[in-house]
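Below, chains carry the letters A, B, ... as their sequence lines are ordered, and counting in each starts from 1. Because only heavy atoms are used, hydrogens play no part in the values below, and waters and symmetry mates are left out as well, while side chains stay in.
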Amino acid sequence: MKYDFNTVETKWQKKWEEAKVFNATEDHSKPKFYALVEFPYPSGAGMHVGHIKAYSGLEVVSRKRRMQGYNVLFPIGFDAFGLPTENYAIKTNTHPRIVTDKNIANFTKQLKRVGFSFDWSRVIDTTEEGYYKWTQWIFRKMFDNGLVFRAKTLVNYCPNCKVVLSNEDSQGGKCDVCHSDIIQKSKDVWYLRITEYADKLLDGLNKVDYLPNIKLQQQNWIGRSEGAFVNFKLTGCEDELRIYTTRCDTMFGATFMVIAPEHPIIEKNRNIIKNIDELDRYKEECQKKTEFERTQLTKDKTGVRIDGINAVNPANGKEIPIYISDYVMMGYGTGAIMAVPAHDERDYEFAKKFGIDIIEVIKGGNIDEGAYTGDGEMINSDFLNGIKTKKEAIDRMLKYLAEKGIGEKGIQYKMKDWAFNRQRYWGEPIPIIHCPNCGMVGVPYEELPLKLPELKNFEPGEGGESPLAKIDSFVNCKCPKCGHDAKRETDTMPQWAGSSWYFLRYCDPHNDKEFASKESLKYWLPVDWYNGGMEHVTRHMIYSRFWHHFLYDIGEVPVDEPYAKRTAQGLILGPDGDKMSKSKGNVVDPLDVVKEYGADVLRIYVLFMGDYASATPWNESSVRGCKRFLDRIASLPDIAHGNGSTPELESSFHKTIKKVSSDIEDTKYNTAIAALMTLLNEITDKGSLTVDELKIFIKLLCPFAPHICEEIWESLGEKNFVSLASWPEYDEEKTKDNEIEIAVQVNGKLKSTIMVSVEASAADALELAKKDEKVIASIEGKHIVKEIYIPGRIVNIVVK
RNA sequence: GCUCUCGUGGUGGAAUUGGCAGACACGAUGGAUUUAGGAUCCAUUGCGAAAGCGUGCAGGUUCAAGUCCUGUCGAGAGCACCA
């Protein structure tokens with residue numbers, strides 16, 4: 001059978017759509033399987049091969065589950081708010097709505113042409129009013145529950161995009177969208193209190209099945225640390241200085257203190273501090289440095305001693321100096337530290353540079369060379385002397401601090417509250433009204449969605465205010481509480497808002513009374529398997545887990561953790577081994593591949609090319625290899641006769657069913673396909689197979705290359721879709737061989753192989769091995785020290 | 001700098017988790033077919049003439065190490081002075 005893939009593939013795509021083969025049903029009596037892939041941002045460039053790989057994994061799993069009788073929800077949608085569309089709209093003077101619709105139409109066409117088995121009746125678009133109504137609704141619930149607050153603070157600001165960015169969006173001091181240097185700017189910012197959920201997000205990781213590196217990244221991001229808060233008395237002023245430390249055991253070694261340049265204690269004591277001008281100048285210098293510069297200069301410590309105020313070490317009563325330095329951040333802990341140069345590398349560098357005393361309090365290092373951060377016996381520490389472990393010393397010190405009433409245990413997180421507003425047009429308007437009498441008031445629930453007003457000019461203002469601020473009819477309103485003239489908030493939500501709950505909407509996407517019905521949520525949640533990119537592990541996933549935990553706490557969803565399992569696909573690199581990019585000219589367009597080789601080949605190739613989780617370069621020749629494989633499949637019906645099979649081939653079928661079934665579950669799609677290739681080679685060598693065997697082969701291949709499988713299935717006289725046929729079962733007994741070849745080693749070196757029965761005893765196997773000529777040659781005249789037989793594996797004879 | 005992951009043929013990658021290293025595929029070489037090219041089919045393909053040697057390098061544990069341990073070099077990812 002030679003076939004024209006273009007005709008055949010579009011034929012089956014049409015039939016699937018007409019018969020609604022892949023629509024999830026609301027038959028809640030069936031076992032469910034909810035497979036989720038990260039919905040795409042509909043960029044103007046269209047689909048990328050990376051999308052194909054990202055979706056093909058769970059595509060295979062979903063198709064297998066349907067064949068196993070599950071009610072499968074495998075949805076798709078579009079995460080369409082965001083800067084690229086808005087920037088394009090500004091540049092071309094087209095409304096972002098029009099741009100978005102066009103891009104979504106293009107993506108839809110492309111996705112359908114690859115034959116993904118998405119449930120197209122549940123498509124969502126985060127920019128639709130019927131969708132963002134509920135994004136705003138959830139925000140309002142958070143507002144009602146005290147999880148939203150506004151503060152004027154120094155924030156990460158991108159001067160190019162003219163927006164405030166969250167910490168997550170400004171990693172490395174660069175804007176996540178345009179890669180410009182971030183500056184620190186004082187602005188009014190809306191925050192979501194994600195830190196309140198830090199422990200829940202951390203604990204939740206214990207009950208989910210995420211890849212280990214994904215869990216680790218989330219743990220590091222949340223960055224919980226246990227330590228102590230301690231109050232240091234000051235000389236020269238009335239205040240106390242509160243610090244956070246994880247090493248209160250080293251307090252006898254604290255020979256100075258450091259506070260952040262912005263620490264409020266400086267402002268408060270301007271009149272007392274003798275060198276205030278010098279401190280002001282230093283502070284100004286620090287603010288001029290971008291975050292990037294600050295991190296580049298980690299080696300070179302700078303700072304200024306505060307003249308006029310000293311601190312008292314509460315452990316030993318000694319007076320110690322206080323410095324300001326930018327290696328202490330206002331945003332973590334209390335913005336002040338006790339510095340223990342003998343046992344902290346940063347404090348050590350600082351002390352060396354400023355000539356401060358270094359007192360060793362833990363044995364084990366050499367303080368002439370550097371700080372010692374390991375464990376050891378406590379010395380020079382009064383009541384701690386002689387204690388051998390860090391834990392014991394910390395406990396003892398905490399007890400001391402409690403007795404004196406100057407300190408207590410404390411917990412800190414690296415994660416900060418989520419800066420949630422953007423000064424942009426193409427996002428969900430924040431449903432808040434500023435009233436001169438009532439302060440911040442939520443837009444009433446019945447008025448949601450708060451619609452994005454029509455606008456001609458989408459450019460943000462020079463002062464960094466939202467384009468919405470220019471529309472008086474939008475801004476001016478009445479306070480819902482007191483009726484007084486009031487003003488609307490004009491900032492919009494960040495790109496991450498819509499994607500924080502989209503998997504809930506898929507459960508019941510057309511509901512206009514609730515974001516999803518309780519019954520549908522109860523049935524479909526949690527997501528059984530979520531696959532996506534590593535780049536979303538610390539942002540999208542943390543954000544959406546936070547929203548979900550919140551919804552769970554207010555009784556809106558039935559489970560606390562939204563994703564039972566999470567995997568991640570590796571990148572597809574360009575043929576040159578570099579990351580694909582337009583500037584390098586190494587981008588592969590998936591639709592070109594479909595045109596030349598067909599969708600089945602594209603699908604097989606992205607899964608066969610290598611380990612699913614690893615980055616793998618594109619290889620055009622290897623694509624042709626996959627084409628060859630499918631061409632050989634197409635001619636299989638020519639040799640499928642009704643005649644009996646052989647026991648060997650039958651056994652191979654059972655083994656292959658077992659291997660393909662388990663490999664799909666383990667995301668080892670490459671070896672699953674390799675197993676099918678091996679079986680095909682065996683069939684070709686033999687020259688024939690039965691029609692029943694061919695049907696099994698087609699079913700196994702169907703999740704990977706469904707179009708050609710449907711075509712062959714139909715040619716065999718089947719009336720129904722192979723996509724809905726039953727997944728093949730295997731007989732464990734038939735996967736086992738009666739006789740197997742095992743290796744024979746002498747002193748661990750392979751000498752020969754022998755055929756033994758699986759039931760053979762150690763004595764039988766060894767006897768057989770010792771009859772082998774090559775083995776005899778190796779052991780002749782030598783003394784046998786030890787004989788090992790691992791059933792089914794190996795014989796090893798140790799001789800001297 | 002810290003944390004994590006990974007180093008296997010000419011290439012992408014396998015290896016039931018300590019048990020015959022190199023499955024499967026690409027590429028290459030030779031042959032068949034063809035006017036020719038392409039496509040297809042057959043054979044060979046880790047290195048070495050061979051005994052042997054081979055999983056970045058150096059040690060170690062073990063009857064047995066790609067797999068475990070120690071050190072070291074290299075690549076990638078994440079974090080970025082987190083007290």
- prompt: Residues in ring-ring contact (aromatic ring centres under 6.0 Å, His included) with A/Phe229, at least two apart?
  reply: A/Tyr244
task: Would you kindly check if the NZ (Lys) or CZ (Arg) of A/Lys53 is within the cone defined by 45 degrees around the ring axis of A/Tyr612 and under 6.0 Å from the six-membered ring centre?
output: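 Because its charged atom sits under 6.0 Å from the ring centre and within 45° of the axis, A/Lys53 does stack over A/Tyr612.
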- prompt: If pairs are Watson-Crick or G-U with both distances under 3.5 Å, what is the dot-bracket string of RNA chain B, marking crossing pairs with [ ] and pairs to another strand with |?
  reply: (((((((..(((......[....)))((((((.......))))))((....))..(((((..]....))))))))))))....
- prompt: Does B/A25 have OP1 or OP2 sitting under 4.0 Å from an N or O in the side chain of A/Ser621?
  reply: no
Tell me if the centroids of the rings in [X] and [Y] come within less than 6.0 Å of each other.
X        : Y        : value
A/Tyr597 : A/Phe5   : no
A/Tyr669 : A/Phe608 : no
A/Tyr543 : A/Trp418 : yes

Side chain to side chain contact (heavy atoms under 4.5 Å, CB included) involving A/Ile266 - partner list, sequence neighbours excluded: A/Ile259, A/Ile273, A/Ile276, A/Leu279, A/Ile324
statement: Winner on side-chain proximity to A/Tyr332, out of B/C26, B/A83, B/G13, is B/A83
- line: Among B/A83, B/C26, B/A14, the one nearest any side-chain atom of A/Arg628 is B/C26
Taking only N/O atoms, report every protein-nucleotides 16-22 of chain B pair under 3.5 Å with atom names and distance.
from: B/C20; atom 1: N3; to: A/Glu741; atom 2: OE1; distance (Å): 3.4
from: B/C20; atom 1: N4; to: A/Glu741; atom 2: O; distance (Å): 3.2
from: B/C20; atom 1: N4; to: A/Glu741; atom 2: OE1; distance (Å): 2.9

message: Give me syn or anti for B/G46, where syn covers glycosidic angles within 90 degrees of 0.
response: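 With its glycosidic angle more than 90° from zero, B/G46 counts as anti.
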message: Which is it for B/U45, anti or syn, if anything within 90° of zero counts as syn?
response: anti
Can you name the atoms? Protein N/O to nucleotides 66-76 of chain B N/O, anything below 3.5 Å, with the distance.
none

So which protein N/O to nucleotides 58-60 of chain B N/O distances come out below 3.5 Å?
none

field: Gap between atoms CG and P, on A/Asn670 and B/C26 respectively (whole Å)
entry: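 It is 15 Å, rounded to the nearest whole Å.
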